[in-house]
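Here is the structure we will look at.
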Amino acid sequence: MTCRILAVETSCDETSAAVVEDGRRILSNVVSSQMDTHKRFGGVVPEVASRKHVETITCIIEASLEEANMRMNELSAIAVTQGPGLVGSLLVGVVAAKALALSHGLPFIGVHHIAGHIYANQLSGELRFPLIALVVSGGHTEIIHMEQDGSFKRLGQTRDDAVGEAYDKVARALSLPYPGGPHVDRLALEADGEIPMPRAWLESDSYDFSFSGLKSAVLNALNQASMRKQTLDPAHVANGFQQSVIDVLTEKALRAVKNTGAEQLVVAGGVAANRGLRARLEEVCGKEGIRLAIPPLSLCTDNAAMIGAAAYLKWERQCFTSLDMKADPMLTLEQWAHVQ
Ligand code: KG4
Ligand code: ZN
């Protein structure tokens with residue numbers, strides 16, 4: 001039986017709804033970004049984000065059904081991001097999805113946001129287990145070992161800032177618009193030189209990350225230059241920062257692949273859109289004969305299709321979520337995977 005899941009994602013500042021068939025085929029994926037609203041504040045304002053979700057959620061769900069040419073009675077289940085994320089934002093999607101599931105008598109599936117980012121790769125290719133997932137987003141930087149479909153073991157994570165957060169802070173210091181990741185990426189690629197920046201390797205066998213020292217090094221370089229009444233080339237600063245980030249992410253991800261004997265390296269999250277990171281990973285994985293999966297750009301940042309792809313995991317096991325489910329801003333992958 002074909003499974004068609006209507007998925008909803010509202011964990012941060014994108015309101016999105018999608019219809020996904022058998023966890024692999026996108027029938028629709030409508031994303032409404034609040035970026036322009038948050039731009040003038042230089043970051044996401046949680047209260048504003050929740051209000052915007054409330055304003056748009058109904059239209060986005062309707063648009064996703066229309067685009068998929070699907071009626072509610074043709075759906076198999078309703079899925080929604082349960083967490084992690086901003087609690088007020090999550091709540092809007094959770095309430096809308098529960099209401100639809102209840103009123104149409106459809107099974108309900110809560111989904112972990114990071115599982116969604118990882119399973120976005122299933123919308124553009126096959127996942128091969130065991131795999132290593134390098135998760136790089138605005139809120140997370142993690143290396144996850146998946147021995148099989150649906151099992152998640154975190155090998156390492158950031159001890160301070162997430163990599164996307166560091167990108168956005170560095171962009172702000174360079175007076176670039178929010179969200180800054182794509183702007184820093186563009187500047188770094190245009191640069192004809194770089195200001196050398198430190199690399200936080202931590203203990204030699206650690207898969208953890210730290211980006212706050214790097215962020216401070218960038219801010220110090222800019223402050224010192226301005227005290228000396230000099231200006232640094234922003235492209236050189238962006239490039240120095242980006243090279244440090246790419247070196248550390250690539251080295252640790254490849255070490256994890258080798259040490260666990262993984263079949264594939266999967267990259268997930270908004271920072272997977274980074275052109276410098278994609279090019280480096282393609283180069284080293286090509287040289288080392290490692291299978292690499294990175295989603296197309298439109299599936300790297302937050303979207304509901306990835307939630308529909310991860311929800312299929314639960315559908316296959318007929319493992320549905322009670323309508324008592326609460327939005328959980330601190331939900332861990334391990335907790336989510338183990339709940340029956
Ligand atoms: O996964 P995502 O859409 O939201 C979270 O779940 O956090 O990731 C958003 C993050 C932002 O910090 C944004 O600056 C970063 O992804 N990002 C990038 C690029 N595109 C988006 N960072 C570096 N280079 C990019 N090209
Ligand atoms: Zn995300």
Side-chain angles (χ1 to χ4, degrees), residues 7-16 18 29 31-35 38-39 42-44 46 49 80-87 89-90 93 111-121 133-142 144 157-158 161-174 176-191 211 214-215 218 238-239 241-246 248-250 266-281 294-307 309-310 329-331 333:
V8 175
E9 150 70 38
T10 61
S11 67
C12 189
D13 59 344
E14 256 97 30
T15 319
S16 180
N29 188 21
V31 184
S32 159
S33 174
Q34 306 174 357
M35 214 177 269
H38 297 291
K39 227 172 211 163
V44 178
V80 68
T81 309
Q82 181 186 2
L86 300 170
V87 69
S89 291
L90 289 166
V111 176
H112 191 284
H113 182 76
I114 296 301
H117 275 302
I118 296 173
Y119 277 82
N121 283 282
L134 173 66
V135 178
V136 281
S137 75
H140 292 80
T141 311
E142 297 179 358
I144 291 163
Q157 62 181 319
T158 183
D161 291 354
V163 62
E165 193 183 346
Y167 263 97
D168 295 337
K169 286 177 179 165
V170 164
R172 201 171 177 164
L174 292 172
L176 297 167
Y178 176 85
H183 298 281
V184 174
D185 189 15
R186 177 182 43 79
L187 274 184
L189 292 181
E190 287 168 7
F211 294 107
L214 171 60
K215 177 194 65 192
V218 170
N239 196 23
F241 166 79
Q242 178 142 308
Q243 293 311 319
S244 167
V245 168
I246 294 176
V248 175
L249 291 178
T250 307
V266 162
V267 193
V271 184
N274 187 273
R275 286 180 293 164
L277 178 64
R278 294 169 87 97
R280 176 79 68 83
L281 286 171
I294 313 182
L297 294 187
S298 60
L299 295 175
C300 286
T301 42
D302 291 347
N303 66 89
M306 69 184 200
I307 302 303
M330 308 296 280
L331 185 69
L333 258 176

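Both counts, for ligands and for their atoms, begin at 1 and track the order of listing. These figures come from a predicted structure and were not determined experimentally.
Protein heavy atom at the shortest distance from atom 26 (N) of ligand 1 is Asp185 OD2, 3.2 Å. What sits closest to atom 24 (N) of ligand 1 on the protein, heavy atoms only, is Asn274 ND2, 2.9 Å. Among all non-hydrogen protein atoms, the one lying nearest atom 3 (O) of ligand 1 is Asp302 N, 3.1 Å. The nearest heavy-atom contact from the protein to atom 22 (N) of ligand 1 is Gly181 CA, 3.4 Å. Looking at atom 15 (C) of ligand 1, its nearest protein heavy atom turns out to be Val271 CG2, 3.9 Å. Regarding atom 13 (C) of ligand 1, its nearest protein heavy-atom neighbour is Asp168 OD1, 3.9 Å. With hydrogens left out, the protein atom closest to atom 17 (N) of ligand 1 is Gly270 O, 3.6 Å, a heavy atom.
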Output, in order, the C-alpha distance, side-chain angles, deciding distance and verdict of side chain to side chain donor-acceptor pair (under 3.5 Å) for Glu9 and Ser11. CA-CA 6 Å; Glu9 150 70 38; Ser11 67; 2.6 Å; yes
Test log, rule side chain to side chain contact (heavy atoms under 4.5 Å, CB included), inputs Arg186 and Arg275: CA-CA 8 Å; Arg186 177 182 43 79; Arg275 286 180 293 164; 4.0 Å; yes
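Residue contact check: Ser137 has heavy atoms under 4.0 Å from atoms 1 (O), 5 (C), 6 (O), 7 (O) of ligand 1. Residue Gly164 approaches ligand 1 through these ligand atoms, each under 4.0 Å from one of its heavy atoms: 12 (O). Of all atoms in ligand 1, listed by their number and element, those nearer than 4.0 Å to a heavy atom of Ala273 are 20 (N), 26 (N).
Of the polar atoms of Tyr167, none of the N or O atoms is found under 3.5 Å from an N or O of ligand 1, judged by distance alone. Considering backbone and side-chain N/O of Thr301, none are found under 3.5 Å from N/O of ligand 1. On a distance-only criterion, Gly269 and ligand 1 share no N/O pair closer than 3.5 Å. Annotation: Gly138 places an N or O atom under 3.5 Å from an N or O atom of ligand 1; distance criterion only. Remark: ligand 1 and Glu165 share no N or O pair separated by less than 3.5 Å (distance only, no angle test).
Taking the six-membered ring wherever Trp is involved, the centroid distance between the rings of Tyr167 and Phe241 falls below 6.0 Å.
A 6.0 Å sphere centred on CZ of Arg172 holds no more than 12 heavy atoms belonging to other residues, nucleotides or ligands.
With rounding to the nearest 0.5 Å, the separation of OG in Ser137 from CD in Glu142 is 8.0 Å.
The two atoms that bring Ala18 and Ala305 nearest to each other are CB-N, 3.4 Å, heavy atoms only. Taking every heavy atom of both residues into account, Leu277 and Val136 meet most closely at CD2-CG2, 4.4 Å. Across all their heavy atoms, Ser244 and Leu214 have their closest contact at OG-CD2, 3.5 Å. Of all non-hydrogen atoms in Cys300 and Pro295, the two that sit nearest each other are SG-O, 3.5 Å. Of all the heavy atoms in Thr301 and His117, the pair that sits closest is C-CE1, 4.2 Å. Nearest heavy-atom pair, Cys12 versus Asp302, reported as atom, atom and distance to 0.1 Å: CB-OD2, 4.1 Å.
For the ligand labelled ligand 1, residue Glu14 lies outside the 4.0 Å heavy-atom shell. Proximity of His113 to ligand 1 is established by a heavy-atom distance of less than 4.0 Å. Assignment of Gly139 to the shell around ligand 1 is supported, since a heavy atom sits closer than 4.0 Å.
Annotation: protein N, O or S atoms under 2.8 Å of the Zn ion (ligand 2) (waters excluded) comprise His113 NE2, His117 NE2, Asp302 OD1.
Side chain to side chain, Gln242 and Asn274 meet the donor-acceptor criterion of an N or O pair below 3.5 Å.
Heavy atoms of His117 found under 4.0 angstrom from ligand 1 belong exclusively to the side chain.
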